[in-house]
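Just so it is clear, the model here is predicted, and its values are computed rather than measured. In the text below, chain A, chain B and the rest are named by the order of the sequence lines, each starting its count at 1.
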Amino acid sequence: MIESALKQDLSRAFSACYDINIPADEISIQPTRREFEGSHTLVCFPYLKQTRKSPEQTAEGLGSWLVENSVVVSGYNVVKGFLNIVVEDSSWLQEFSGILASENYGNFPDRKEEVMIEYSSPNTNKPLHLGHLRNNFLGWSVAEILKANGYSVHKVQIINDRGIHICKSMVAWQRYGDGETPAETGKKGDKLVGDYYVRFDREYKTEIKELVEQGIPEEEAKKEAPILKEAQEMLLRWEQKDPEAVHLWERMNGWVYSGFDQTYKQMGVDFDKLYYESETYLLGKEEVLKGLEKGIFFRKEDGSVWVDLSKEGLDQKLLLRSDGTSVYMTQDIGTAILRFRDFPEIIRQIYTVGNEQEYHFRVLFLILDKLGYSWAKECYHLSYGMVDLPTGKMKSREGTVVDADDLMNEMIATAEEHTRELGKIEGFSGEEARELYEMVGLGALKFFLLKVDPKKRMLFDPNESIQFQGNTAPFIQYTHARISAILRKAEQLGISANEVPETGSLHEVERMLINMLGDYPGRVAEAGQNYAPDIIAQFVFDLSKEYNRFYQEISIFSEDDEELRTFRVALSAVVARVIRHGMSLLGINVPEQM
RNA sequence: GGUCCUGUAGCUCAACUGGAUAGAGCAACUGCCUUCUAAGCAGUAGGUUCGGGGUUCGAGUCCCUGCAGGAUCACCA
């Protein structure tokens, strides 16, 4: 509110001092750098042509007018063409009491608009890994941020449950599994199925080698290896709905799903609706055939169906193979259409998928547009960079993946170790302690993955990446725990923090904190527009940092002035509230004590 | 080769959309626990913002060009 008041007053100042008309909402104010006095800065250079004065004179004129005529301004200083404005303490207090009173601070009113966001979307032949963690945390957090912005959000995923990759695991299990099940081995279902996928690859390579030794050329051997033939036959039988194949497929996918559920639960990630490729690929095929009839697509001599995107600067893209079977793109066409049928009210669909698929989504959106779906232009590919390891790229076939479950458990164990070393768990029950380890360990992981601009690829070094000091979740959680301790004490002392004095002399850090708190809704909006959890992460860190400065420099309970003491408790309470809110947008919980 | 993304302190990242002397964290070094939690605070040191041009009062940010890294351009998913 201070900012908009300042803009109004500046607009008036421009017209009073220089007789020029600049609407308030066209004036841009930036935060004053720390080394100068004041909180808000007007850069005067852009207005010089209209004021016809030097930068200093322009700033000087506006500043002195503001001090005389604006109720929020108590002082100013001019450095070159920069007008630094000092805001009246009573205005800060008024601003703060507004924030204190607003119940839903950080949430915007219902916009009556629906959006859909997709994330995770794994294959069912291998367990989730570090890349999925970035994907899931990003998608889930963006969903929360959009909710805070007043959208109603549907969280979905498409499960790639059919295709040759599944059949590979099935064949390997049939051959070598000896009836093994998750229940009897105690192994998570997704892990068990993943192991057979790896086993397939190993046996496949062995068979190729044997064939090559028998004098068959390598290219041919790759096609003729018996185990691969078996997998292809399996896929064919599945597509023909052979009961045995379908039964095995259902059984093994079931194992995978229960394994995934466990992982999602620990991640704190969920979905409102699941889509299965096995249920959407046929619709995609129908749509392609319809498009063919309408002349949007064309058929080549061999019977394959294509779309020509050369007018759009791309090339031709295959939609149906010559044998009539569908490809990845076909399935995604079907899925998109099905989703808009299921949820006719959604205005946008957001796909959280790695940046290696940027081309794919450009093509997909173009095709949907060509098919005449008006919503195609509103689809958005939320693209993010890969997570690299010090050893290079993760490759599941080479075993250089960081498994999601392993990593989360390691994080929790490290958090426990750290906490014990610091001796921070006196008075905790076993259950409470475990909750804390999980909160801190998973929080550190999520924050690490979310604080970075999604576009950027990032390096994950298992030994060094996760820290508990500095720009990390534990630092922020710790700040929240500190405030909680203060609030507990205030309650004991009978200080209720609902009333804020109207006047009083504030400390620089207190002004800064109120200023930052006032910024928060704007940051939530910005994060929503840009699908950018990193903006929230950065904000919550900055706020925590500032609070710790306050905590260090200013004593609350030894303050003699009762009103000031109450104000400081209230300020602390609001900071804690905003930290909690911001962290919840990232999917991170904060403790009362640590 | 075409298209897209990225390049900022030794490392990981910021920089409010073109503003002041480019900021944080980690790592290194120096201080601060008899006070509301030291997972903290204060400080020192660390930079040719990949190079070269241009646009203007002003460029890490915009334009051109070169360099480096990555992704992608499949009858794979």
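- Across the C1' atoms, A15(B) and U8(B) are found 10 Å apart, a figure rounded to whole Å.
- Taking 3.5 Å as the limit, the base of A39(B) and the side chain of Thr479(A) contain no donor-acceptor pair of atoms between them.
- Put simply, Lys545(A) has a side-chain N or O that comes within less than 4.0 Å of OP1 or OP2 on G25(B).
- Pairing each heavy atom of Leu487(A) with each of Ala573(A), the nearest pair is CD2-CB, 3.9 Å.
- Here Lys80(A) reaches the OP1 or OP2 of U21(B): one of its side-chain N or O atoms lies under 4.0 Å away.
- The ring of Phe36(A) lies on top of the base of A20(B), close enough and flat enough: under 5.5 Å between centres, under 30° between planes.
- Close to C13(B), at under 4.0 Å from its OP1 or OP2, lies no side-chain N or O of Lys456(A).
- The separation of A9(B) from C4(B), taken at their C1' atoms, amounts to 29 Å, rounded to a whole angstrom.
- Base contact: Ile554(A) has a heavy atom under 4.0 Å from a base atom.
- Stacking between Phe475(A) and the base of A39(B) is absent under the criterion of ring centres within 5.5 Å and planes under 30 degrees.
- Atom P of U49(B) sits at a distance of 12 Å from the matching atom of A59(B), rounded to the whole Å.
- OP1 or OP2 of A39(B) lies within a sub-4.0 Å distance of a side-chain N or O belonging to Tyr478(A).
- Going from the C1' atom of G51(B) to that of G25(B) covers 29 Å, rounded to whole Å.
- Protein atom CD of Glu553(A) is 13 Å distant from nucleotide atom C1' of G40(B), rounded to whole Å.
- In this pair, His418(A) and Phe468(A) present their aromatic rings parallel. The plane angle is below 30°, not in the 30 to 60° band.
- Comparing the same atom, C1', in C13(B) and in U56(B) gives a spacing of 31 Å after rounding to whole Å.
- The shortest distance between the side-chain N/O atoms of Arg321(A) and the OP1/OP2 oxygens of C76(B) is below 4.0 Å.
- Atom CD of Gln30(A) has more than 12 neighbouring heavy atoms from other residues, nucleotides or ligands inside a 6.0 Å radius.
- Nucleotides C67(B) and C50(B) have their C1' atoms positioned 7 Å apart, rounded to a whole Å.
- Remark: the Thr472(A) side chain and the A39(B) base include no donor-acceptor N/O pair separated by less than 3.5 Å.
- With hydrogens and angles ignored, a donor-acceptor pair closer than 3.5 Å exists between the side chain of Asn84(A) and the base of A20(B).
- The phosphate of C5(B) has neither OP1 nor OP2 within less than 4.0 Å of any side-chain N or O from Arg457(A).
- Nearest-nucleotide positions on RNA chain B place Ile556(A) closer to the 5' end than the other of Asn123(A) and Ile556(A).
- The ring of Phe82(A) lies on top of the base of A20(B), close enough and flat enough: under 5.5 Å between centres, under 30° between planes.
- Counting distance only, with no hydrogens placed and no angle test, the side-chain atoms of Lys455(A) and the base atoms of U6(B) include no donor-acceptor pair under 3.5 Å.
- A distance of about 25 Å separates the C1' atoms of A38(B) and G46(B), rounded to the whole Å.
- Put simply, Arg482(A) has a side-chain N or O that comes within less than 4.0 Å of OP1 or OP2 on A38(B).
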